[in-house]
Amino acid sequence: MTGESGGLLGRLRIEGPRLPEALSRIAETILADPETAAHASIVDLAERSGTSTATVTRFSRTLGFKGYASLRVAVATETGRAEQARWETDISGDISPGDPLDEVLNVVAAADTRAIQDTAAGLRIPDVERVAAAIAGAQRVELFGLGSSGTAAREMAFRLERIRVPVWHRQDSHTALTNAALLLPGDVAIGLSHSGRTREVIETLAEAADHGALTVAVTSFNRSPLAEVADVVFTTSVLETTFRLAALSALHSQLLVLDLIYVAVAQRTYERTADALELTVRAVDAHRLPEKTPTRRRRPERGTT
């Protein structure tokens, strides 16, 4: 097989059934709706075909393409969506050990930018408003995530704390479960997991749901077990690059979702937020260096006095 775009769909019809089962399912998914596949993210295609992003990447390379972005452009070309996908030719998940850092920078920046754009395009504003209103009036807000998702949860907790929201971020699964059991109707529990299959996060959100709290999932898979136990689901988009697997690359998209919710909460509690931010800035102001620091004296050159 070659990476040329001409006749790609025809090749998939002929050669797709001969591929291994997982790869064959991807071919079937593309053939079933080529136009949708032409603008689907790698996460979308993996979910629709019941595979993984790694398998989609392997599928692309099996066809002779450098990565998923190149495959997607080829599908777009055949379905008349080449203009929309043309800019994506510069997005490739492949980074070789010898690649110069300026090229690596372009790949990473393009991947993260596209992931954030796709995440933003998929956000349902009424859901953001619903969650923000609940957080603004909640007696308790619990955040839980592990690994890189835990980093996003911790950042969100820090932001909400600074505007006087009663929020906790739990890093221990037992502590998370026991505190989820104490939630009441009107409280909010937010679970973060790229895969949506992290057992501890699912159990914590399910426990919170049992006690009437509003449950929120932030995940890249909207049909995952985590999504099934949540009242509101925010789907994040991810573009993998070499050395940055999907779970690691999801952080930026997760932070976009959480940042929008944070701003929406701040809007609803404007006076309280403004007062809290002023107080917290003043509290740490003494620990900041003056804006204009004295110029460091240069050492005299050797041999001079």
Side-chain angles (χ1 to χ4, degrees), residues 1-9 11-12 15-16 18-27 29-30 37-47 49 51-78 81-121 146-152 155 193-195 220-221 236-256:
M1 295 185 182
T2 66
E4 296 178 358
S5 61
L8 172 61
L9 298 181
R11 287 169 52 212
L12 290 180
E15 301 177 37
R18 306 177 197 167
L19 296 172
E21 182 182 354
L23 303 188
S24 181
R25 288 206 304 272
I26 297 173
T29 302
I30 293 174
H39 66 269
S41 69
I42 190 170
V43 172
D44 291 334
L45 183 57
E47 186 174 277
S49 59
T51 60
S52 67
T53 54
T55 304
V56 174
T57 299
R58 181 158 60 91
F59 173 80
S60 303
R61 292 172 181 168
T62 299
L63 291 174
F65 294 96
K66 186 177 181 182
Y68 174 65
S70 300
L71 171 68
R72 184 174 166 186
V73 170
V75 176
T77 299
E78 290 199 32
R81 305 182 69 94
E83 186 64 26
Q84 293 184 21
R86 185 177 60 187
W87 77 279
E88 294 176 5
T89 56
D90 293 331
I91 300 179
S92 169
D94 294 332
I95 299 174
S96 301
D99 286 349
L101 280 181
D102 58 343
E103 292 184 11
V104 173
L105 172 61
N106 290 335
V107 170
V108 172
D112 286 347
T113 299
R114 183 53 194 262
I116 289 173
Q117 290 175 336
D118 286 350
T119 299
L146 297 174
S148 58
S149 294
T151 300
E155 176 64 22
S193 169
H194 157 67
S195 67
S220 297
F221 297 90
T236 52
S237 180
V238 178
L239 288 177
E240 287 185 328
T241 63
T242 307
F243 312 122
R244 299 168 74 237
L245 301 179
L248 300 177
S249 302
L251 178 60
H252 299 289
S253 298
Q254 291 173 340
L255 287 174
L256 171 69

Report the distance from atom OG1 of Thr53 to atom CG of Asp44, rounding to the nearest 0.5 Å. 11.5 Å
Using 0.5 Å steps for rounding, measure from the CD atom of Gln254 to the OG atom of Ser220. 7.0 Å
Exercise: identify the closest heavy-atom pair between Val56 and Tyr68: CG1-CD1, 3.5 Å
For Ile116, the side-chain contact (heavy atoms from CB on, under 4.5 Å) test, sequence neighbours excluded, returns His252, Leu256
Looking at every heavy atom in both Arg61 and Lys66, which two are closest together, and how far apart are they? NE-O, 3.7 Å
Distance in Å, Ile26 CD1 paired with Ser60 OG, rounded so as to fall on 0.5 Å steps: 7.5 Å
The reported gap from OG in Ser52 to CD in Glu47 (rounded to nearest 0.5 angstrom) is 12.5 Å
Side chains of Ser49 and Thr29: is there a donor and an acceptor less than 3.5 Å apart? no
Can you confirm whether the side chains of Thr119 and Ser237 place a donor and an acceptor under 3.5 Å from each other? no
Set of residues satisfying salt bridge (Lys or Arg N to Asp or Glu O under 4.0 Å) with respect to Arg58, sequence neighbours excluded: none
Taking the side chain as everything from C-beta on, heavy atoms only, tell me whether Leu63 gets closer than 4.5 Å to Arg11. yes
Can you tell if the side chain of Leu45 reaches within under 4.5 Å of the side chain of Phe59, non-hydrogen atoms only? no
I'd like to know if the side chain of Ser24 and the backbone of Gly16 have a donor-acceptor N/O pair within less than 3.5 Å. yes
Please report the shortest heavy-atom distance between Ser149 and Ser193, naming the atom on each side. OG-CA, 3.8 Å
Is the shortest heavy-atom distance from the side chain of Thr51 to the side chain of Leu23 under 4.5 Å? no
If you define the side chain from C-beta out and look only at heavy atoms, does anything of Leu71 sit under 4.5 Å from Leu8? yes
